[in-house]
Structure formats: C-alpha cells, structure tokens
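Reviewing the structure listed below.
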Number of protein chains: 2
Amino acid sequence: MSLRHALLGLLSEHPASGYDLLKRFETSLANVWPATQSQIYTELTRLAGTGLITVAAEGPRGRKEYALTDDGLEELRCWLAESRPQRTTRSDVLLRVFFLGVLEPGPARIFLDDLATSSYQSHEELRDLVESVDWDDDNLSVYGRIALEYGLRFHAMRREWAQWAAEQVK
Amino acid sequence: MSLRHALLGLLSEHPASGYDLLKRFETSLANVWPATQSQIYTELTRLAGTGLITVAAEGPRGRKEYALTDDGLEELRCWLAESRPQRTTRSDVLLRVFFLGVLEPGPARIFLDDLATSSYQSHEELRDLVESVDWDDDNLSVYGRIALEYGLRFHAMRREWAQWAAEQVK
DNA sequence: GTAAACATGTAACAGGTTACATGATTGT
DNA sequence: ACAATCATGTAACCTGTTACATGTTTAC
C-alpha cells in the first residue's frame, strides 16, 4: 500500500490539508502514483487514527491541516531504506502487443505507429516541463529532476522501440 | 479490465482449460499481466456467462476446455484496434525516488545502486531467455520477440538511469 | 500406497474508481 | 447574487490478493 507512503512523503515536506495534497497528486504525482480525492481523504483519516500523522491545525471551511508525527517519519524512512520495491508491473501496452497477431499487419502497424507518436508527445511535454522549472540545489529539486529524467529516458526508449517494432511487422 | 482480454487473447491461439491458462500466466505473461488462479477461474466463468467463450469440451478431473466464440474474437479485435491503452502507470520505484531526500545521501545512493544491479540482473535473465528460444516466423514468435525486446531495452534504460542518478547524489 | 500434478471453486479482505452529497469562503 | 474555489465525507462497485477447501489422475 504505497498511497500511505506517498502521503507521508508529501507531509514530510510541510504540513498540508487533504485538499492541498489532492492538488499535489493532480500535478507532481499524477504520472507516478495517481490517487483520487476519495482515496486521499479516507487514507488521511486512517493515518491519523494510527498516529502516523496528526491534525496540527484547523482552518476555515472545516480545513484540517495534517502534520507528520515522529512515528510517521520513522515509517517513511523504513519504507524507503528497508523495504524493496517489488511491484509487479502490469503493462496494458505490452499485453496488447502480445496479441497483436490477431490483427492484420496494417492495423498492427497503426497501433505501433500511434504508440511511437504518443511516446514522442509525452517526451516533448516532459522536456517543456524540465525547461520551465528552475532547478536549484535542494532535495526536492535534485530528486524531482532525477524522476523527470527517468520519464524522459522512458519515453525516448519507448518511441525508438515502437518504431523498430513497426518495421518488424511486414 | 484487461484480464478479460488477456484470457481472450490466449484462447485465440487455441482452446485451453483454466489450468492451462494459469500456466501461461505464470510463464509468458508473468511480467506483463500477472493473474492469480482465483482470478482466472472467476473470470472464465463470467466470460462463459456473457458468451465470449464457451465450454468446448470436458475432460477428466472436471477439466473444462474453453474456446473463443465469434463474439469473443470480435471483442478481442475491438480492444486491440479501437481502444487506446490509457493505463495510469503506477511506479513504486519512482515514488520512492521522489522522496529519497528524506534519507541521507548514503542510503539514497545504496537504493539507486541496488536498482541498477537488479535492472542489470533482469536484463541478463531476459537475454538468456531470448537466446534459449528459437524464433520462427509465426505471429506468436514475431510479437513475443517484440515484447521481449521491450523488456531488454527497458531494463537497459533503467540501469543506465539509476547509475546516472546515483552519481547526482553527493 | 502415496506424492506430484491436474483441476476447480469460493470467501474474506485490501486497494482503487465513480458518483453522490454537503457546505463555507472568496472574488466579481 | 452568483460562480469559482475551497473543503470534506461516504456509499457502491470493481479488481486483485490470500487463503481455504475439495477431489481426480498419473507415475513411481
């Protein structure tokens, strides 16, 4: 259950409300770990119940500002340093490729060409994002930049692969 | 819901029992779309209920051999050609990278070094697999080879990225 | 005879999505 | 006054995981 750790991670930067966190999920975390409003509020209530976070302040409109507790920070560190990421990565794209032989070569090539195009677009979007941010030397910048670099390399790899794959289909 | 389509895809090659399909999921599909025994049997019953597959034969030990129907093939083609893969890809690894600033540079580097190592190992395993199979010219081979090539490129990319990232952390 | 492999099914639970429901504050 | 934004909560439903439960056939 990584949503829990995503929330702890965001709160380790500074206290925030459910609404603030939702906005962070919609922007910076959207491509890494999407989460819905419903899920975020439910999980925050649970985390507060187990003492990993607390309601540090209350504001207008029922706003509750959550802050990380010592236990919460410990849990976050533990997750980062001691547990191995063991994600069984499901790939919708690769599953389709696996069965592309069901289609005629024409439609199969279209699928791969589209994939190359959308990978290129994603790459360009990330490139624009990288250029629009001014990266300083703090931790958020360093690791944010590293995560973005992953995205750039991933989409470049996928584009080249899709182009190569389209050529294999005759 | 792609499990449904994975099952239709496998059955498009030839009729099979739940048990046969389970074995295919444990081997060829393990890295693309993992599924449990429980899930497979439940989904097969549902697919038979909606007429996308039928029980074509019954064998010893209660074995039920399922075959794709015309409706099932149509549904499979439709999924491949008409629907866009829109998978919101969750990455446990990238989520951790995002919050790596919570750790000291030492443990953070260890995390990235470990990632480079495990990517290298995955790459080698796939390379061995590619070399052990004799690829002929049928559809399964062509698209199976293309899917494997994706894995090779993916792990190579991730290894290089993790090595680069480790260097950024001083 | 007995272990391994074949073969299926179901129940409980955890995580994620969609939709509904409500209300307060701010800016124009 | 009205719309946009801030702000939270819950219910229904779907997908996926773990564990339990059962029985047959084959090979040694």
Side-chain angles (χ1 to χ4, degrees), chain A residues 1-8 10-11 15-27 29-50 53-66 79 83 85-92 95, chain B residues 1-8 10-11 15-27 29-50 53-67 79 85-92 95:
Chain A
M1 197 203 342
S2 290
L3 171 66
R4 156 185 251 104
H5 298 109
L7 289 168
L8 294 175
L10 289 175
L11 288 174
S17 68
Y19 192 82
D20 296 336
L21 294 165
L22 174 61
K23 295 298 149 188
R24 296 284 318 263
F25 271 92
E26 283 170 356
T27 52
L29 283 181
N31 299 305
V32 170
W33 204 271
T36 60
Q37 175 262 333
S38 155
Q39 225 185 332
I40 292 168
Y41 281 101
T42 308
E43 189 61 34
L44 283 171
T45 306
R46 202 174 334 180
L47 281 168
T50 58
I53 61 176
T54 43
V55 179
E58 305 207 21
R61 286 172 283 201
R63 177 189 169 93
K64 285 190 266 181
E65 200 166 65
Y66 292 98
W79 172 68
S83 71
Q86 37 86 55
R87 177 108 203 113
T88 41
T89 172
R90 286 191 170 83
S91 170
D92 189 352
L95 185 63
Chain B
M1 198 202 341
S2 292
L3 171 66
R4 153 184 254 104
H5 298 110
L7 289 168
L8 295 175
L10 289 174
L11 288 174
S17 68
Y19 192 82
D20 295 336
L21 294 165
L22 174 61
K23 296 298 149 187
R24 296 282 319 261
F25 271 92
E26 283 169 356
T27 53
L29 282 180
N31 299 306
V32 170
W33 204 271
T36 60
Q37 174 263 333
S38 155
Q39 223 184 332
I40 293 168
Y41 282 101
T42 308
E43 190 61 34
L44 284 171
T45 306
R46 202 173 335 179
L47 281 168
T50 59
I53 62 177
T54 42
V55 179
E58 304 207 22
R61 285 172 285 202
R63 178 188 169 93
K64 284 190 265 183
E65 201 166 64
Y66 293 99
W79 172 68
Q86 38 86 50
R87 176 108 203 111
T88 41
T89 170
R90 286 190 169 81
S91 169
D92 189 351
L95 185 63

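Order of the sequence lines sets the chain letters (A, B, ...), proteins ahead of strands, with each chain counted from 1.
The shortest distance between the side-chain N/O atoms of A/Tyr19 and the OP1/OP2 oxygens of D/dC6 is below 4.0 Å. OP1 or OP2 of C/dA5 has not a single side-chain nitrogen or oxygen of B/Arg63 nearer than 4.0 Å. OP1 and OP2 of C/dA7 both lie 4.0 Å or more from every side-chain N or O belonging to B/Lys23.
Residues satisfying the side chain to side chain donor-acceptor pair (under 3.5 Å) criterion with B/Ser17, sequence neighbours excluded, are B/Asp20, B/Arg63. Scored by the side chain to side chain donor-acceptor pair (under 3.5 Å) test, A/Ser83 finds B/Arg96 as partners (sequence neighbours excluded).
In this structure, the CG atom of B/Leu21 is 12 Å from the C1' atom of C/dA7, given to the nearest Å. Atom OH in A/Tyr41 sits roughly 8 Å away from atom P in D/dA7 (whole-Å rounding). One atom, CD of B/Glu26, and another, C1' of C/dA7, lie 13 Å apart when rounded to the nearest Å. Between A/Leu22 atom CG and D/dC6 atom P there is a gap of 10 Å when expressed in whole angstrom units. Rounded to an integer number of Å, the gap from CD of A/Glu65 to P of D/dC6 is 15 Å. A/Leu47 places its CG atom 13 Å from the P atom of D/dG9, with the value rounded to the nearest Å. If you measure from atom CD1 of B/Ile40 to atom P of C/dC6, you get 15 Å, rounded to the nearest angstrom. A straight line from CD of A/Glu58 to C1' of D/dA7 spans 12 Å, rounded to a whole angstrom.
With D/dT8, C/dG16, D/dT15 as the choices, the nucleotide that has an atom nearest any side-chain atom of A/Trp33 turns out to be C/dG16.
Counting heavy atoms from C-beta outward, A/Tyr66 and A/Thr54 have side chains that stay 4.5 Å or more apart. Looking only at side-chain heavy atoms (C-beta outward), B/Lys23 and B/Thr27 stay at 4.5 Å or farther from each other. Put simply, the side chain of B/Leu29 reaches to within 4.5 Å of the side chain of B/Leu10, judged on heavy atoms. Within the 4.5 Å cutoff, the side chain of A/Leu7 has no heavy atoms near those of the A/Arg46 side chain.
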Readout for nucleotides 17-28 of chain C: B = base within 4.0 Å of protein heavy atom, S = sugar-phosphate only, - = neither; 5' to 3' it is BBB----BB---

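Judged by distance alone, the side chain of A/Tyr41 and the main-chain N or O of A/Tyr19 form a donor-acceptor pair under 3.5 Å.
Within 4.0 Å of B/Arg46, counting heavy atoms only, lie sugar-phosphate atoms of the nucleic acid but no base atom.
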